[in-house]
**Q** 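I'd like to ask you about the structure that follows.
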Amino acid sequence: MAAHLPEERLRKLEALRAAGVDPYPKRFPARGETRNWIGPLRDGYVEGAEVPAVVCGRVTAYRDHGKSIFFDVKDETGKVQVYVQQDKVGEAVFTRIRNTFDLNDHVGVRGTFAKTRRGELTVFATGVEMLAKSMTPPPDKWHGLQDKELRSRRRHVDLNANDEVMAQFRMRSRIVAEMRKFLDQRGFVEVETPVLHHIAGGAAARPFLTHHNALDLDLSLRIALELHLKRLLVGGMEKVFEIGRVFRNEGIDTRHNPEFTMIELYWAYADYEDVMDLWEQLLVHLAMTARGTTKLTWGGTAIDLSAPFRRVRYEDLLKQHAGVDLDDEPAVRAKCAAVGIDTKDKSHHKAANDLFEMFCERTLIQPTFVIDYPRGITTLAKWKDFGGDRAERFELFVNGLEIANAFSEMNDPIAQRQILEKQVLEKDPENPAAVDEDFLEALEYGMPPAGGVGMGVDRLVMMLSDSDSIRDVVLFPLLRPHAGGADAPQDGAPVEKV
RNA sequence: GAGGGCAUAGCUCAGUCGGUAGAGCAGCUGCCUUUUAAGCAGCGGGUCGUGGGUUCGAGUCCCGCUGCCCUCACCA
């Protein structure tokens with residue numbers, strides 16, 4: 001049971017208990033007593049002052065000087081040195097600290113906050129107590145935790161050992177909070193829609209499958225938020241958004257985690273140009289609040305997020321970088337053949353989009369709205385001109401990466417049904433998947449004209465925090481279980497089919 | 001899915017031409033009442049990811065497996 005724990009720590013744990021000290025007491029400081037957070041305490045220091053202080057946190061360094069001990073205590077706001085002198089705390093407490101305290105323990109300290117002779121802000125302790133005994137030593141105090149696999153697997157250690165990791169995830173939290181604030185101020189209502197879907201629609205990714213036992217019902221985890229949110233437009237919510245996790249059963253790399261966070265927003269009686277303006281303002285706001293500037297660096301490339309962003313038509317980019325006319329199908333196919341793209345089973349527009357991905361995306365370094373996508377690769381957007389070959393759609397690219405995707409939403413129920421039914425037939429003619437009848441029925445009831453947008457929050461955070469891997473902005477990215485680890489499959493453990 | 005790389009003490013890393021395992025930090029013992037990568041003296045700590053193979057001898061060479069990283073593929 002505890003066989004894997006270091007002997008010295010178990011010994012110290014028992015020593016505390018033998019001395020009548022609970023190594024895991026309930027609260028600190030006592031109810032009614034005020035705790036000082038370390039950051040604010042330091043910031044409030046007045047030169048020459050000696051003030052009472054009560055701090056608690058994790059022991060991150062320990063320097064034993066015989067009849068005195070220095071140790072560092074770190075809470076979420078900062079770190080401070082504690083100085084314990086035997087004649088100030090008494091021999092019993094002093095010896096207990098010496099014999100039973102380790103790096104990583106949580107401790108509580110009461111004392112006087114002042115400076116040492118060397119000028120270090122210090123709590124001169126009058127009392128020190130154990131708040132939670134740690135059974136595990138911290139990683140190397142100088143190098144921290146470097147191993148990338150361990151940093152993802154044991155994020156709790158990473159957060160403690162690497163301050164920049166903590167700052168990174170606090171920034172993520174801030175970005176999402178500012179997103180909510182920005183949209184709330186503009187009258188958008190945040191909602192929560194189901195994660196368990198009968199048919200995973202709204203995107204073309206492979207879903208995760210699961211099962212409801214009591215209803216004996218196969219379900220999918222959602223791959224997008226889109227269809228439920230549009231049903232809310234039908235229901236009369238005119239400005240609505242959701243920030244939520246979606247799940248796609250596909251490959252994992254530096255830009256993809258199987259579960260990731262999307263924001264989708266729908267705005268009745270607006271179109272994709274309104275959404276473009278809104279999103280531009282949102283991104284500027286997020287850059288300013290998260291970084292204090294719109295001039296960023298991402299992967300060594302300078303990115304200027306100041307508005308207005310460049311707006312360019314899809315077909316113009318295709319002409320410029322691939323040298324083909326989007327409407328000239330033979331030319332599109334010939335170009336594909338020339339660069340080794342097999343177009344046998346591909347539609348005209350899918351083939352064109354392969355060219356777009358190959359030649360155009362990489363050129364879109366500064367924030368760029370690519371507008372007016374080919375109809376054939378766009379199923380949920382309105383026609384630019386009814387029945388025509390362009391959709392009212394934009395995607396936002398930064399540094400060659402797709403950040404957001406938006407439409408003037410298709411609200412013609414008959415046209416939408418035709419497009420979806422054709423799509424499922426093309427995907428698997430033998431076994432066409434069902435279309436989402438609940439969604440189509442809602443459209444039939446009447447959806448107002450609307451603009452909508454979806455954005456990957458993780459990629460946004462990558463951009464704003466200069467991260468080159470999604471694993472650096474997701475607290476616990478999916479990893480395989482490793483042998484002997486806590487996350488390894490246990491023999492005989494019940495396995496839920498997911 | 002394909003190709004390449006990595007895996008040595010709790011952590012960060014050395015390990016030569018194949019010759020029987022090293023350092024720093026962390027830990028333990030002792031000394032030290034203003035140190036701060038504290039210092040000084042001493043001590044303990046390893047299934048070298050895993051399973052085979054070659055060899056008198058493998059951390060080192062070869063093959064399989066596992067995990068991670070990178071590139072590509074997949075990805076409305």
Side-chain angles (χ1 to χ4, degrees), chain A residues 4-9 11-12 60-72 79-89 94 98-99 102-104 114-122 124-125 134-154 157-158 160-162 201-207 223-224 226 248-258 260 347 349-350 353-354 356-357 373-381 391 393 395 402 405-407 419-420 423 426-427 454 456 468-469 471 477 479-485 487-488:
Chain A
H4 63 289
L5 298 176
E7 244 174 76
E8 319 85 57
R9 298 220 173 200
R11 191 167 47 71
K12 290 171 180 176
T60 59
Y62 188 90
R63 299 177 287 280
D64 188 339
H65 286 250
K67 296 290 185 294
S68 72
I69 298 168
F70 292 90
F71 59 83
D72 294 347
K79 191 187 322 190
V80 72
Q81 170 171 275
V82 173
Y83 185 43
V84 189
Q85 296 162 97
Q86 181 173 302
D87 53 12
K88 296 284 167 46
V89 298
F94 190 81
R98 200 165 203 206
N99 291 340
D102 281 306
L103 294 180
N104 253 359
K115 264 188 186 172
T116 61
R117 274 181 225 151
R118 294 281 182 92
E120 179 75 22
L121 289 172
T122 299
F124 293 78
S134 167
M135 288 292 110
T136 314
D140 189 286
K141 72 176 170 188
W142 190 245
H143 301 95
L145 189 67
Q146 299 294 334
D147 185 287
K148 280 188 164 191
E149 179 181 353
L150 285 182
R151 290 178 56 186
S152 293
R153 270 189 210 286
R154 306 177 63 200
V157 179
D158 190 29
N160 271 299
N162 299 314
R206 284 166 59 195
I223 57 174
E226 180 142 357
R248 296 186 179 180
N249 204 343
E250 280 156 6
I252 297 175
D253 60 33
T254 51
R255 279 143 290 173
H256 300 263
N257 194 55
F260 63 102
S347 68
H349 284 168
K350 179 73 181 84
N353 200 49
D354 285 353
F356 184 86
E357 285 174 6
Y373 271 63
R375 179 75 250 173
I377 56 166
T378 310
T379 57
L380 295 163
R393 170 182 182 183
E395 288 197 4
E402 179 197 335
N405 183 21
F407 322 125
I419 292 166
L420 290 180
Q423 182 195 25
E426 277 170 358
K427 189 136 196 169
D468 48 21
S469 171
R471 285 183 291 270
L479 297 172
R480 287 190 153 89
H482 70 304
D487 43 7

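Residue numbering restarts at 1 for every chain, and letters A, B, ... go by the order of the sequence lines.
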**Q** Checking all strands, does R98(A) fall into the base, sugar-phosphate, or nothing category for heavy-atom contacts under 4.0 angstrom?
**A** base
**Q** Measure from the side chain of F124(A), starting at C-beta and using heavy atoms only, and say which of A76(B), U34(B), G10(B) lies closest.
**A** U34(B)
**Q** For G3(B), what is the paired nucleotide under Watson-Crick or G-U wobble rules, both distances under 3.5 Å?
**A** C70(B)
**Q** Give a yes or no answer on whether the side chain of R375(A) reaches the backbone of A381(A) with a donor-acceptor pair at less than 3.5 Å.
**A** yes
**Q** Using Watson-Crick or G-U wobble geometry with both distances below 3.5 Å, tell me the partner of G51(B), or none.
**A** C63(B)
**Q** Using a heavy-atom cut-off of under 4.0 Å over every strand shown, decide if Q81(A) touches base, sugar-phosphate, or nothing.
**A** base
**Q** Mind checking D64(A) for me? I need base, sugar-phosphate or nothing, with any heavy atom below 4.0 Å counting as a touch.
**A** base
**Q** Tell me what K115(A) touches on the nucleic acid: a base, only sugar-phosphate, or nothing, going by heavy atoms under 4.0 Å.
**A** nothing
**Q** Less than 4.0 angstrom between a side-chain N/O of R480(A) and OP1 or OP2 of C68(B), yes or no?
**A** yes
**Q** Whole angstroms only, please: what is the CD1-P distance between I252(A) and G1(B)?
**A** 12 Å
**Q** At 4.0 Å (heavy atoms only), tell me whether Q85(A) reaches a base, stays on the sugar-phosphate, or touches nothing.
**A** base
**Q** Going through the checks in order, is the side chain to side chain contact (heavy atoms under 4.5 Å, CB included) test met by Y83(A) and T116(A)?
**A** CA-CA 9 Å; Y83(A) 185 43; T116(A) 61; 5.6 Å; no
**Q** Give, for atom CG of L5(A) and atom CZ of R11(A), the distance between the pair rounded to the nearest 0.5 Å.
**A** 14.0 Å
**Q** Within the structure shown, what part of the strands sits under 4.0 Å from T254(A) by heavy-atom distance: base, sugar-phosphate, or nothing?
**A** sugar-phosphate
**Q** Mind checking A205(A) for me? I need base, sugar-phosphate or nothing, with any heavy atom below 4.0 Å counting as a touch.
**A** nothing
**Q** Using whole Å, report how far CZ of F260(A) lies from P of C75(B).
**A** 15 Å
**Q** Hey, what do you get for CG (D87(A)) to NZ (K67(A)), rounding to the nearest 0.5 Å?
**A** 10.5 Å
**Q** Starting from P on G24(B), measure out to NZ on K141(A) and report it in whole angstrom.
**A** 13 Å
**Q** Considering just the side-chain nitrogens and oxygens of R471(A), establish if one lies under 4.0 Å of OP1 or OP2 belonging to C69(B).
**A** yes
**Q** Calculate the interatomic distance between L103(A) atom CG and A37(B) atom P; express it in whole Å.
**A** 15 Å
